[in-house]
K.L.:
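Submitted below is the structure of interest, expressed as structure tokens.
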Amino acid sequence: MVNPDRFLADLHKLRSFGAAGVGKGVVRPAYSEADVAARRWLADQMRAAGLQVAVDPMGNLFGLTEGPSLLLGSHSDSQPEGGWLDGALGVIAALEIARAARENDGPPVSVVSFQDEEGRFGVTTGSAVWSGHMSQRQADALTDHAGVPLSQARQVMADMVTGEVDPAQFTGFIEMHIEQGPTLDTSREKIGVVTDIVGIRDMKFTFEGQQNHAGTTPMPLRWDAFQAVSAFNTLLNERFQNVVTPQTVWTIGHVSLHPNASSIVPGRAVFSMQWRDADADRLQRMEQIIRETAQEVAVQRGMQLSYGPMLGLEPVAMDAGLQDALVQSARSIVPDSWRRMTSGALHDATNLSRLMPVAMLFVPSIDGISHAFEEDTCEADLVTGLKVLAQAVGLRR
Ligand code: HGY
Ligand code: MN
Ligand code: MN
């Protein structure tokens, strides 16, 4: 039987690593001091639960049960400003279920906390490397917004690394997560059984113009990199109108101007462009529009244009058998309060679908807020999710 109090206490303890901001905020980006301290604590909890701790070169942390087992988990790194549940919920639920399974002669369950799911360096980097979607060499060459290469950042966990972890020992993967959107909160349902996860593309762009004096440079003689970003964004929004659906999303979430001073015409702008959709063809059409628009703006405004590597994950469907197990469990625990739904957020489950059957279940996010300090879920809803997952994996309630 799972222990809800122990589960909630562990969840709050994990939040204490990097606790910040209002409410239950967390700052625990991949390989930060808080992230590594949290992983050391998690490793101790895994050991105490009788699991064998393994850490691969990326810093993905596993708590292994002997023999073939079902893998449960998520990630424990956070966004630069994140909430206490994004990723943490799935990891702590996995820990509690694996621990309860060992205490009660339950099914074999292993636990994982993937590294850099939140993309300090890429898109779900830890599970991308573990699943073979990206090589360690390719990943090592990725840099964060400050220019730090992953090869250097991951050295902070070097003393924890035990070696590669063989995916063949796992029969499947289930990830519990907060929804991070408004659907369940609005419908007042308690559980979402995920049918599929949308695809994503993510790319860095640079416009290079001419840095100059903001007082003396006449407007027609400026090669202002910020104006180029602004024009690009406006044109893109217009051109997407014929291509997108109400579910398609796109974001310029990071902009870095050089030298970023009030009295200097910015000579360089580096910015992120990310777009997501459930249809791979649409992602492709959007990419074409993005590249053409950036090229056009560069020519019109006298900018040098360069791109970073194109990162991405394809849309994927969840395994029918594992979905059924979650549905049966939801039906028996919250009979009229669950639904099947698409995930608009990305998850490690996407990468793992290359290796094994995967499934996901969601619990509501209050006001649909996530990737923000305000992210939260009622504790009763967290416990409902834990019980639905526990029963789905074959643990008696
Ligand atoms: O951005 C995402 O969807 C994920 O939370 N990293
Ligand atoms: Mn997450
Ligand atoms: Mn996230």
Side-chain angles (χ1 to χ4, degrees), residues 11 14-15 18 21 24-30 32 35 38 60-61 72-94 112-129 131 133-134 142 144-145 173-183 192 194 196-203 247-254 272-278 283 311-316 341-353 358-365 368-377 382 385:
L11 208 43
L14 181 50
R15 192 227 157 197
K24 296 175 183 158
V26 164
V27 174
R28 202 166 56 225
S32 62
D35 171 54
N60 296 315
L61 166 66
L72 304 181
S74 188
H75 61 97
S76 54
D77 62 303
S78 84
Q79 287 286 332
E81 289 192 4
W84 72 305
L85 300 171
D86 181 356
L89 174 62
V91 173
I92 298 298
V112 64
S113 170
F114 285 109
Q115 186 51 287
D116 196 30
E117 193 278 346
E118 296 290 14
R120 175 178 164 195
F121 293 94
V123 175
T124 60
T125 329
S127 59
V129 172
S131 68
H133 178 65
M134 179 181 266
L142 297 171
D144 67 6
H145 289 314
F173 175 65
I174 309 183
E175 180 170 3
M176 173 173 163
H177 208 281
I178 48 168
E179 181 202 327
Q180 309 184 274
T183 308
V194 177
D196 57 314
I197 303 176
V198 302
I200 189 171
R201 300 287 182 271
D202 192 294
M203 210 167 162
Q247 283 71 46
T248 313
V249 293
W250 61 98
T251 311
I252 297 177
H254 173 84
S272 63
M273 179 72 220
Q274 186 189 86
W275 58 110
R276 308 187 190 206
D277 195 87
L283 291 172
L311 303 174
L313 295 174
E314 299 308 310
V316 294
M341 62 188 294
T342 293
S343 172
L346 261 294
H347 297 287
D348 295 308
T350 293
N351 290 315
L352 270 67
S353 71
V358 302
M360 291 195 70
L361 81 158
F362 284 166
V363 293
S365 290
I369 295 176
S370 186
H371 286 189
F373 288 151
E374 293 83 358
E375 167 192 289
D376 206 0
T377 298
L382 299 176

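Just so it is clear, the model here is predicted, and its values are computed rather than measured. One-based numbering, in listed order, for ligands and for the atoms of each.
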K.L.:
One pair to check against side chain to side chain contact (heavy atoms under 4.5 Å, CB included): Leu14 and Trp84. What are the steps and the verdict?
P.N.:
CA-CA 8 Å; Leu14 181 50; Trp84 72 305; over 6 Å; no
K.L.:
Can a donor-acceptor pair be found, under 3.5 Å and without considering hydrogens, that links the side chain of Arg276 to the backbone of Thr248?
P.N.:
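A pair under 3.5 Å: no.
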K.L.:
Measure the CG-OG distance between Asp196 and Ser343 for me, rounded to the nearest 0.5 Å.
P.N.:
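The OG atom of Ser343 is 8.5 Å from CG of Asp196, to the nearest 0.5 Å.
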K.L.:
Would you check if the side chain of Glu375 reaches a backbone N or O of Asp86 as a donor-acceptor pair within less than 3.5 Å?
P.N.:
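Yes; at least one donor-acceptor contact below 3.5 Å.
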K.L.:
Is a side-chain donor-acceptor pair under 3.5 Å present for Ser74 with Glu175?
P.N.:
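Yes, Ser74 and Glu175 have a side-chain donor paired with an acceptor closer than 3.5 Å.
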K.L.:
For the Mn ion (ligand 3), which protein N/O/S atoms are closer than 2.8 Å?
P.N.:
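Near the Mn ion (ligand 3), the protein supplies Asp86 OD2, Glu118 OE1, Glu118 OE2, His371 NE2.
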K.L.:
Report every pair formed by an N or O atom of ligand 1 and a protein N or O atom separated by less than 3.5 Å, giving atom names and the distance to 0.1 Å.
P.N.:
from: ligand 1; atom 1: 1 (O); to: Arg276; atom 2: NH2; distance (Å): 2.8
from: ligand 1; atom 1: 3 (O); to: Arg276; atom 2: NH1; distance (Å): 2.7
from: ligand 1; atom 1: 3 (O); to: Arg276; atom 2: NH2; distance (Å): 3.4
from: ligand 1; atom 1: 3 (O); to: Leu346; atom 2: N; distance (Å): 2.8
from: ligand 1; atom 1: 5 (O); to: Glu118; atom 2: OE1; distance (Å): 3.2
from: ligand 1; atom 1: 5 (O); to: His371; atom 2: NE2; distance (Å): 3.1
from: ligand 1; atom 1: 6 (N); to: Glu117; atom 2: OE1; distance (Å): 3.1
from: ligand 1; atom 1: 6 (N); to: Glu117; atom 2: OE2; distance (Å): 3.3
from: ligand 1; atom 1: 6 (N); to: Glu118; atom 2: OE1; distance (Å): 3.0

K.L.:
Is there a donor-acceptor pair under 3.5 Å between the side chain of Asp77 and the backbone N or O of Gln115?
P.N.:
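Checking the backbone N and O of Gln115 against the side chain of Asp77, no donor-acceptor pair under 3.5 Å is found.
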K.L.:
If the plane angle is over 60° it's perpendicular, under 30° parallel, otherwise tilted; pick one for His177 and His347.
P.N.:
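The arrangement is perpendicular - the two ring planes meet at more than 60°.
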K.L.:
Report whether any nitrogen, oxygen or sulfur of His347 sits less than 2.8 Å from the Mn ion (ligand 2) (N, O or S, backbone or side chain).
P.N.:
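No.
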K.L.:
Which value, rounded to the nearest 0.5 Å, describes the distance between Glu118 atom CD and Arg28 atom CZ?
P.N.:
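Result: 10.0 Å between the selected atoms.
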K.L.:
Quick check against the 3.5 Å criterion: does Ser131 have a side-chain atom that pairs as donor or acceptor with the backbone of Leu352?
P.N.:
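No; judged by distance alone, with no hydrogens or angles, the pair does not exist.
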K.L.:
So among Thr350, Asn351, Asp348, which one has a side chain to side chain donor-acceptor pair (under 3.5 Å) with Thr124?
P.N.:
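Single pass found, and it is Asn351.
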